[in-house]
Structure formats: C-alpha cells, structure tokens
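The sequence lines fix the lettering, A, B, ..., with proteins before strands; numbering per chain opens at 1. No experiment lies behind these values; they were computed from the predicted model shown.
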2 protein chains.
Amino acid sequence: MAVTIRDVAKAAGVHVSTVSRTFSSPHLVNSATRERVLAAAQRLDYRPNRAASALTTGRTHNLGLIVADIANPFFPPLIKAAQAYAREREYHVFVADTDEDPQSEEELIQTLAKQVDGVVLVAPRLTNLAIERLGMDLPFVVVNRRVKGLSAVLMDIGHGTTEAVEHLAGLGHRRIVLAPGPRASWSSEQMGRAAASATERLGVDLVVTGPNAPTEQGGVTAAAEVLDSGATAVIAYNDLVAIGVIEGLNDRGVDVPGQVSVVGVDDTVAGRLNRPKLTTIAMPTPAAGRTAVDLLLQAVAGGRTAAQATLETSLTIRDSTGPAPS
Amino acid sequence: MAVTIRDVAKAAGVHVSTVSRTFSSPHLVNSATRERVLAAAQRLDYRPNRAASALTTGRTHNLGLIVADIANPFFPPLIKAAQAYAREREYHVFVADTDEDPQSEEELIQTLAKQVDGVVLVAPRLTNLAIERLGMDLPFVVVNRRVKGLSAVLMDIGHGTTEAVEHLAGLGHRRIVLAPGPRASWSSEQMGRAAASATERLGVDLVVTGPNAPTEQGGVTAAAEVLDSGATAVIAYNDLVAIGVIEGLNDRGVDVPGQVSVVGVDDTVAGRLNRPKLTTIAMPTPAAGRTAVDLLLQAVAGGRTAAQATLETSLTIRDSTGPAPS
DNA sequence: CCCTATTCGGCAAACGGTTGCAGTCAATAG
DNA sequence: CTATTGACTGCAACCGTTTGCCGAATAGGG
C-alpha cells in the first residue's frame, strides 16, 4: 500500500540496506548511489515509517506532554511553544490532559511510555516518589517542580512576587493580602516565602487568606476575606483568581484600583483582556515549553545528568493596581 | 530492556502467539491458559508495544489533531475534549499547531501520516483540493468546513447569528454592524447569510465592515467603523474581536452596553471573564471535539462513508448587550 | 473402542526498518 | 606484479507483535 524502503530499493536498483543508510548515515554511501536513491525516493514520495525504525533503534521521535488542564489559559502558550520547538527538532508530541487526576496521570504515562522517547510533565499532581519511580524507565522533565534525579524547568515566581510587593509598597499600600492557591505546590511555597520576606523588609503587613479554589469563583469568595482584613492590595494565586477577586470587590461596590489594588499571576489572555487590565506576575510559559523540550531532548540524547533551568518572572504593570487610598 | 511478549510467554510457559492472542482475541484461548498468561503479564507489568503491533495490523491507535493556533482561546476546549474522548477509546493524540500556515499544515500531515490512523483538521487553511488529495491516503475529519468525500463536523453559526439579530432587534436596535473576520471561511459565509436574512426579515439595517484581523487589535480598529456607521449594535467575528471593539468604543468614550451593544462569537473564557461579560454566540467546541473523534474513529473502522454532523450554536446573553439608546 | 469434529496452541512468516558482518573491487604501497 | 587497505554495498538477523496454517489433543457420536 504505502511506499516502503523496499520499493525505493527496487526503483534505485540497490539493496534496502543501502536505502536505509542513505537516510541514516549518508556518509557511508557513495555520492553517486546516494543521488540515485534520493531521486528514486523523491519520485516515489517515500517517507520513512518512524514507528518501524523505532522498533530497532529505540527512538520513536515522539514526546509526551502532560498537563493538568488544557483549557486552563495558563497551559496553551506552553503547549504551543513546546510543540513548535519539538517539531523543529523533528519530533512530534502527544498532548494529554489529566483533569488534575494523579491516577489518570500515572496510567497515561504508562501507556504512553512505549511510544515516546521522553515526557514533559507540567505541574504534575503525582507524588515525587511516583515520578522518581517512573523516571527510572523513561526520561522526564518536570516543569515547576523539583524531583530528585530529573531535569526541571522552574519559573521563579519569587522574583516576580518580590517585585509585586515592592510595586504595591511603592504605591503606599501598607497591608497586603496574599491569596494562595489550593495546596502545597512548589509555586505557592515560593510565593509565600518571597512575599513574607519582602513585606518584612519593607515594613508592610502581610495577611495570608484561603486557601481557595484556583478559579474565578475562588476569587469571588476571597474578595470578602480581603475586605475583612482591611488590606488595600491583593496578590492572587493566578489571573483567574485575581479576576474573581475584582469581580467580588466590584459586587460589593469596591473600586479596583481606586480602593483596592489587585495583582494576578501568569499573564494569561484572560488577564490581558480583562477590564481593568490586570497587573500580573508574568510567567514565561513559552520559554518554559521550549526549555523543557530542550532539556528532555538532551536527556534523551544520553546526558543522564539532571539539568535545571530557572526562568525569571517579572511584574507586568497594567491597570488593576494604583495608589493606596488615603 | 523493557518487558516484551516473549518474557511473558516464557514466564507463563506458553508460546508468544498464545500471549498475543490472549490480548487480541481472548476467545481463542482456553480460559485456564488465559488466566496463567494474564497473571504472568500482570506480575511482569507487561504493556504491549503499540508501535510494534501497528507494524502488522496497520492500526497505530494514534490520532492527529491539527489546529491553526493552540493559543487562540477557541481551540483549547476542543483539544481537551477530543483528547479525553480519544483516550476513552484507547487512542492517543498528537496535537499540532500550524501557525495558520498552509505550507506547514501539509508538511505536518505528511510526516504524521505514517504514525496515525486518521487526522482531525480544525478549520484547515489548506485548499479543498489539497485536502481531498491527502484524504485519499488517510481518513480525515474536518471541523467547520466541508470537503467532498470527507466527514465533517459543522458548528452551525447561522442559528446563533439569527438569534443574535433577533435579540438585538428585540432590544430596539435598528442598525446592526457585522464585523466579519478574514474572508471566505465557511463560518464567515454562514454568518453573513444568516445575518442578511434575519435583518431583512425584521426590517433592520445591516452594515458589513472590514474585513479586519480576527484579533483584539482588529476589533479596536473596527470600533471606529462602527461609530461611523451610526449603528447601535455590533456582531463581531469572535470574542476577541468583540472585546477589542468594546475597548475601542470605551477609548472613544462610548459606553457598552449603554450606547452600543456588542455580541461576540465562540464563548471563550476571555469573553466570560471580560467586563462587561460578553453576550456571545456559543460554539459547542467540546462537543465538536468529541464528535470529530467519533466520526474519525468510524472512518478508521472502515465506514468509508463521509458522515456529517451539524452542531447547533445558540446565543448566550450576558451583559454586553442592552436596550438601544433612545 | 474407533472415528471425526473441535478446540488449542505452536510454528513461522510477515510488517518496515537498522546494523554488524563479510565480500567485492579498485586504488595504493612495496 | 602482488599484497594490503579502504570504500562501498549486499546479506541476514533482529526489533515486538500478529496471524494463517497445521498438528495434537480432547470430546463426542456411533
């Protein structure tokens, strides 16, 4: 049916091994023969069957990219960049969504394992132990998490958080609410630490609320806690929460940024399009996607070393923050 | 290295073919033997190598999903649903982004062809001719487009558009701007036709502007044309454009929905989170993703029939539309 | 108790490539 | 002119699974 290496061999009048070599180690074949083979291949529109060569070489030229929730605006830019970068390197990528479920995450990795050379795990929900165990069979790169022995890409939210606190303090805010996300994620921890040290240094009060759901609704409910705390500024877990906070505040007749300033995290489309445009701690998600693929490819190529890349975050100031009310 | 069918065979004391049959046609093997094989497989944590079986069966159990732009908020819900649905059916999906470029779309399909059983093309940029040609080698399902001989999933924006016009006319608007996207897409056409006939039926003026880029910026520039036209309502090509229109209007001191009503298309997160919350023609993107995979799997299974599914759109009324100013 | 129909399970040849090994041939050295 | 070397290329085994074919064993019927 499809054209195979044998068809090309026949057309070029050589043995299949010569055709194979023409593609995989061209220097081993005489240039005249090579030309002949390439011409025949071209003529027949031959395309090697990756799956077949994977059988002998062990290289599938495929990668897995596993994220918690494709529809969460945080992920698409990362997926897009990872996939584009992989393609440049002649890799295709399986994208899968675990629906935030550790069980299905593990199951997924297991079934994917044979078909990929490695997997990028973005903000995995699995325990470190489980990941380490899986990591013995297959190269992994984790994003926004550290796992012993595995390469990691970290977006250092600490820096952005510090900038945010400084920005708010500079605007005269003396009491800031930190509305963290649901659990003990690496990000949350970083953020908490940075906020604590920056506020202390600047002599500003820090109030930690929640935890709330990392959704718009979570933000709406967090808005009440913000008002109770008497703070005039909020740093939310992510843009969605921030938008929810703004909505909750507006519902109570509180103006943003007039009376309360709000800072989000992630720099998603949603935040850019929100009115007021969200001041946010920008995550370098496209860079993270590219870097993750890069590290993964290195690991695949044999570098058994666990590399680590830390990407900086920085504050993007827009319209949801302003001077503290006097 | 990895555990193969041979290891299982050895452990269970049977021939490899028996192991193979245990999985692919269990009824052909004696239940006692089957138990023994399954036990051994379980014990060794055996997982069949899909790529290897693809070699003989011709079924890769992989699908391709090609979209124009992963980061465009329209696509992620579709990707998420398609991928989840495929997984239930024991299929994995390659997701790829063409950056709106027909060239790379075709190239992509070619290299993917050997590794997948079929491909879902969402709003492809390729010419019908090119798609038909490719369709001879591989099952395809196209979304929001019709191509001779191929299954298609169509989101009938006509219905939603009619509802939108009725909604606006009901609010007293007598002149409506339609701000379409880049020309000649199936959607644009549908939309134009429905808007024309609904406005005519209701005795309302229809002004078609643009075309503008299908982006927020495109919307901002469209805002000027809206004001020039003297219309009091706009139906934009998509949510992003709608948000841009609102922004452009606000910049000129025009209130939405006080002075001008704005309707978007797609029902993306961006629109839901926008303030005012966007009235929008909701596209059933998750359903489209599932249906596309469903039709594709049917085509793969042998139904050479080109099925067609039309999904209804409907108007979701939120806060960006209101009574026409008097 | 023998014969035939079934049911099982082993054998081996694919599927489309890759690669170690060995053979061919011409060029170069001695 | 012969021996050696190096550059090519053919041969065949192998990667992990599937599947048509065939023989063995078992059961059922007469």
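- Across all strands, A/F23 comes closer than 4.0 Å to no nucleic acid atom at all (heavy-atom distances).
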Verify side chain to side chain contact (heavy atoms under 4.5 Å, CB included) between B/E100 and B/D69, making sure each step is shown before the conclusion. CA-CA 7 Å; B/E100 314 264 358; B/D69 177 9; 4.1 Å; yes
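- Rounded to a whole Å, the CD1 atom of B/I5 is 18 Å from the P atom of D/dC14.
- In the helix from C/dC1-D/dG30 to C/dG30-D/dC1, the end axes, each obtained as the rotation axis mapping the C1' atoms of four pairs onto the next four within a five-pair block, lie 50° apart to the nearest 10 degrees.
- Atom CZ in B/R59 sits roughly 17 Å away from atom P in C/dC15 (whole-Å rounding).
- Between the CZ atom of A/R50 and the C1' atom of C/dG17 there is a distance of 13 Å, given to the nearest Å.
- When heavy atoms are screened at a 4.0 angstrom cut-off, A/R34 is found touching no nucleic acid atom at all.
- The distance from atom NZ of B/K80 to atom CD1 of A/I70, rounded to the nearest 0.5 Å, is 6.5 Å.
- Both A/R36 and B/N49 lie close to DNA chain D; mapped to their nearest nucleotides by heavy-atom distance, the more 5′-ward contact belongs to A/R36.
- As judged by a 4.0 angstrom heavy-atom cut-off over every strand, A/T18 is placed among residues touching the sugar-phosphate backbone only.
- Residue order along DNA chain C, read from the 5' end via each residue's closest nucleotide, puts B/V16 first among A/P48 and B/V16.
- Residue A/H15 has a polar side-chain atom (N or O) positioned under 4.0 Å from OP1 or OP2 of D/dC11.
- Within 6.0 Å of the NZ atom in A/K10, the count of heavy atoms belonging to other residues, nucleotides or ligands does not exceed 12.
- When the P atom of C/dC8 is taken as reference, atom CG of B/L28 falls 8 Å away, rounded to whole Å.
- Taking the side-chain contact (heavy atoms from CB on, under 4.5 Å) definition, one finds that A/L28 meets it with A/R21, A/S25, sequence neighbours left out.
- Using a cut-off of 4.0 Å between Lys/Arg side-chain N and Asp/Glu carboxylate O, B/R290 and B/E88 are scored as not salt-bridged.
- In this structure, CG of A/L55 is placed 9 Å from P of D/dT17, rounded to the nearest angstrom.
- For D/dT9, one of the phosphate oxygens OP1 or OP2 lies less than 4.0 angstrom from a side-chain nitrogen or oxygen of A/T33.
- Residue contacts shown for B/V19 are absent, as no nucleic acid heavy atom lies under 4.0 Å away.
- One interatomic measurement links the two molecules: NE2 of A/H27 to P of D/dC8, which rounds to 10 Å at whole-angstrom precision.
- Regarding B/L44, its CG atom lies at a distance of 14 Å from the P atom of D/dG16, rounded to whole Å.
- For B/A40, the side-chain contact (heavy atoms from CB on, under 4.5 Å) test picks out B/V8, B/A11, B/A12, B/R43, with sequence neighbours left out.
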With a 3.5 Å cut-off and sequence neighbours excluded, list the donor-acceptor pairs that the side chains of residues 140-150 of chain A form with protein atoms.
from, atom 1, to, atom 2, distance (Å)
A/N144, OD1, A/M155, N, 2.9
A/R145, NE, A/N128, OD1, 2.9
A/R145, NH1, A/P124, O, 2.7
A/R145, NH1, A/L126, O, 3.1
A/R145, NH2, A/L126, O, 2.5
A/R145, NH2, A/N128, OD1, 2.8
A/R146, NH2, A/Q308, OE1, 2.8

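- In this structure, A/I79 CD1 and B/D97 CG are separated by 10.5 Å, a value rounded to the nearest 0.5 Å.
- B/R59 has no carboxylate O lying under 4.0 Å from a charged side-chain N of B/E90, or vice versa, which leaves the two without a salt bridge.
- Within the structure, ring-ring contact (aromatic ring centres under 6.0 Å, His included) contacts touching residues 35-71 of chain B (residues at least two apart or in different chains) are B/F23-B/Y46, B/H61-B/Y91.
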Dump every N/O contact between nucleotides 20-27 of chain C and the protein below 3.5 Å, one line per pair.
from, atom 1, to, atom 2, distance (Å)
C/dG20, O6, A/R21, NH1, 3.4

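- The nearest heavy atom of DNA chain D to A/V29 and to B/S53 marks one nucleotide each, and the one closer to the 5' end goes with A/V29.
- The CG-C1' distance, from B/N30 to D/dA27, rounds to 13 Å in whole Å.
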